[in-house]
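One structure is given here, and the rest of the page talks about it.
As the structure lists them, so they are numbered: ligands from 1, and atoms in each ligand from 1. These numbers come from the heavy atoms of this one structure, side chains and all, not from hydrogens, waters or symmetry mates.
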Amino acid sequence: TPPTNDSSQVKTSTADNKYVNQPLVTHIYTADPSAHVFNGRIYVYPSHDTATGTPENDNGDHFNMMDYHILSMDSVGGKVTDHGVALHIKDIPWAGRQLWAPDAAFANGTYYLYFPVKDKKDVFHIGVATSKTPEGPFKAEKEPIKGSYSIDPCVFKDDNGSYYMYFGGIWGGQLQRWNNNKYDSAAQLRKPAELAILPRVAKLSADMKSFAEPVKEIKIIDSTGKLYKEKDNDKRFFEASWMHKYNGKYYFSYSTGDTHNINYAIGDSPYGPFTYKGLLLAPVEGWTNHHSIIEKDGKWYLFYHDIQLSGKTHLRNVKVTELKYNADGSIQTVHSQK
Ligand code: FUB
């Protein structure tokens, strides 16, 4: 059961703290934080972890989430508001089970909530729901986004006003079942010597509810231009895409899953290729590692999660810490565990 105290203040870290920062909220379990600044306020779109008793397995069936709560704060360190249920699985006509990591965007005077959920045949797709306010409640479309699949959408707005969705996740996220955008329920994970499965991107249409183009793979390459193999599992993509721009460069960051890193890679186009640069967030306590990055009032922040409150890998808590760059544009690695 979730802890009962309702402290909602961010506590800043001290040198002898076990953790860099403290949970943003403690009255519910939250994870996979996608943060955005809307109207000068920080909104965090997290997963809402719950203890449903579903047995644990490699497909992540124990991550059996039913709804979303959106959190907001004026600034990092300020009071955090939980806006209550923003969207429930029962109100998504096509949903079967497992509401995983969401993201949000603002366009056309509307807020869009993007979410992965399994359909009634147990296949992940990405859906969209709309609201006139950033905290919802959101109303889901009747069908998933056409051509969408797998998990962990990240919607990025480029300086020219174009929006792109990055997505995908292997293992329980089912990306291994999609080759050339076609579904094969029997398709297997790659073998160690094979090239690693790549994350996906598609430009969004002006209505923000459909893809404007066929889904493409994006390349993550090493400094010599080579793609990673499955055996390079401390570098290859697993899940948790995030895109941000810094000094005109595109920073694609992602989780390596079974090696628990958040890595980053830099490119000159939203479509990549992205050259691997290093470790952004070292493994946190808990199996999953999932993050987002925003700029607010001239500072950069990393939102992430760990399992400080519960000690259980599927009952996570969202945190935030400052992110710092070096003069050459590289990112200083965050270590949340001592
Ligand atoms: O929260 C469920 C899944 O765990 C997310 O979709 C993944 O990114 C991982 O954090």
Task: Parallel, tilted or perpendicular, as decided by the 30° and 60° cut-offs, for the rings of Tyr45 and His36 - done: perpendicular

Task: Nearest candidate to atom 7 (C) of ligand 1, where distance is taken over non-hydrogen atoms, out of Glu239, His291, Gln98, His305 - done: Glu239

Task: Atoms of ligand 1, numbered as shown, that sit under 4.0 Å from any heavy atom of His290 - done: 7 (C), 8 (O), 10 (O)

Open item on the list: Out of the candidates Asn317, Asn289, Thr313, only one should pair with Asp306 under the side chain to side chain donor-acceptor pair (under 3.5 Å) rule; please name it.
Closed with: Asn317

Task: Polar contact flag for Trp100 and ligand 1 (N/O pairs, less than 3.5 Å) - done: no

Task: Asp32 N/O to ligand 1 N/O under 3.5 Å - done: yes

TODO: Select the closest option to atom 6 (O) of ligand 1 among Asn64, Leu99, Asp152, judged by heavy-atom distance.
DONE: Asp152

Open item on the list: With side chain to side chain donor-acceptor pair (under 3.5 Å) as the test, pick out the partner of Arg236 among Thr256, Asp258, Asn263, Thr259.
Closed with: Asp258

Task: Polar atom proximity, Arg316 to ligand 1 (N or O, under 3.5 Å) - done: yes

Task: Set of salt bridge (charged side-chain N to carboxylate O under 4.0 Å, His left out) partners for Asp103, sequence neighbours left out - done: none

Open item on the list: Any heavy atom of Met65 closer to ligand 1 than 4.0 angstrom?
Closed with: yes

Open item on the list: Show every ring pair (Phe, Tyr, Trp, His ring centres under 6.0 Å) that has at least one partner inside residues 74-105, sequence neighbours left out.
Closed with: Trp100-Phe124

- [ ] Using the ring of Tyr276 (Phe, Tyr or Trp, six-membered ring only), decide whether Lys235 places NZ or CZ under 6.0 Å from its centre and within 45 degrees of its axis.
- [x] yes

Task: ligand 1-proximal atoms of His48, by part, heavy-atom distance under 4.0 Å - done: neither

